[in-house]
J.: 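Sharing a structure, written as structure tokens. Questions coming.
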Amino acid sequence: MLDSFFQMSYPAQALVATLMTWALTALGACVVFLMRQPNQNVMDAMLGLAGGVMVAAAFWSLLSPAIEMSESLGMIPWMTVLIGFMGGGILLFFGDRLFTRLSAKRALLLHADQEKQHGLKRCAMLVFSITLHNIPEGMAIGVAFGSLAYSLESSTLAGAWMLALGIGLQNLPEGMAVSLPLRREGYTTKQSFFYGQLSGVVEPIAAVLGALLVLKVRTCLPFLLAFAAGAMIYVVVEELIPESQTNKNKDWMALFTLVGFSVMMVLDVALG
């Protein structure tokens, strides 16, 4: 069975590897099924936890690899990550303003609750930023497998699989970081799980694309990684942390942010 797998094309192997990372995202999102009656304090704590996870992922999963990769490709590291990071943040900034205007008009026409519309915007931004973050990660896996076709010294099958495993394990808290805040906003457990695992579905698509266009995509990856980091930091600063701090026990919420950051940091550094 293993022999037949290793005889598969490199894009096909990349697809299998990222189906595993997607499954681990779904496993992380399954946490939402363990919380039948969500308590407001618990949900706010999970919001802080998600913020910590995303800040850590923005640096160790995105910015740090972007800097290293841009150096190896002969690019100017600080300029590459600056353009990408600000590009991602500015995109979310304008998207935020556009969504707010459209939501206000929709609420006015339908006499809907403004607070509910704000919660919907927060959820949409959260899902979008995590999904955006998964695109360059999927491409990185695809590039790792696609590079095997060129017999480069730095490219090995074991290395490609370790990269996929590392990203997959990092996806566990990321799936949770999407599903739990959605549950907090009133989505059902099934809806929260669905959107939580859906954020990882782009990885297999991006991996196959990366494996097929390995040389061209490789030069774009540092920018894409930094771009996703900018988008994630904007969501954390604009929505997740401020919302978790509205709780009267905001000191505890801050501690959960530290816990989320620490968990993601350990996974990234240990598996990096």
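All figures in this text were calculated on a predicted structure; none of them were measured in a lab.
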J.: When you compare the side chain of R183 with that of T188, does any pair of heavy atoms fall below 4.5 Å?
T.: no
J.: Donor-acceptor check, side chain of Q13 to backbone of M8, threshold 3.5 angstrom: yes or no?
T.: yes
J.: Could you please spell out the steps behind the side-chain contact (heavy atoms from CB on, under 4.5 Å) verdict for F261 and V53?
T.: CA-CA 5 Å; F261 184 94; V53 166; over 6 Å; no
J.: Regarding E203 and N171, is there a side-chain donor-to-acceptor distance under 3.5 Å anywhere?
T.: yes
J.: Give the intermediate values and the outcome of side-chain contact (heavy atoms from CB on, under 4.5 Å) for residues L180 and S192.
T.: CA-CA 7 Å; L180 290 177; S192 302; over 6 Å; no
J.: Can you check whether G48's main-chain N or O pairs, donor with acceptor, with T257's side chain at less than 3.5 Å?
T.: yes
J.: Does some side-chain heavy atom of F194 sit less than 4.5 Å from a side-chain heavy atom of K190?
T.: no
J.: Any side-chain heavy atom of S61 sitting closer than 4.5 Å to one from M264?
T.: yes
J.: May I ask you to decide if P242's main-chain N or O and T246's side chain share a donor-acceptor pair within less than 3.5 Å?
T.: no
J.: Evaluate the side-chain proximity of F59 to S64: yes if any heavy-atom separation is below 4.5 Å, no if none is.
T.: yes
J.: For P65, does its backbone N or O pair with a side-chain atom of E68 as donor and acceptor, under 3.5 Å?
T.: no
J.: Take atom OH in Y195; do more than 12 heavy atoms of anything else shown fall under 6.0 Å from it?
T.: no
J.: Decide yes or no for R218 and M139: does some side-chain heavy atom of the first lie under 4.5 Å from some side-chain heavy atom of the second?
T.: no
J.: Answer yes or no: is there a side-chain heavy-atom contact under 4.5 Å between I241 and V237?
T.: no
J.: Do side-chain atoms of W252 reach the backbone of A45 as a donor and acceptor pair under 3.5 angstrom?
T.: no
J.: Before giving the answer on side-chain contact (heavy atoms from CB on, under 4.5 Å), spell out for L225 and L63 the whole-Å C-alpha distance, their side-chain angles and the decisive distance to 0.1 Å.
T.: CA-CA 6 Å; L225 289 166; L63 288 176; over 6 Å; no
J.: Are the ring centres of F227 and F85 closer than 6.0 Å?
T.: no
J.: Are any side-chain N or O atoms of S70 and backbone N or O atoms of I67, one a donor and one an acceptor, separated by less than 3.5 Å?
T.: yes
J.: Decide yes or no for M176 and L172: does some side-chain heavy atom of the first lie under 4.5 Å from some side-chain heavy atom of the second?
T.: no
J.: Examine distances only and state if a side-chain atom of N134 and a backbone atom of S199 form a donor-acceptor pair shorter than 3.5 Å.
T.: yes
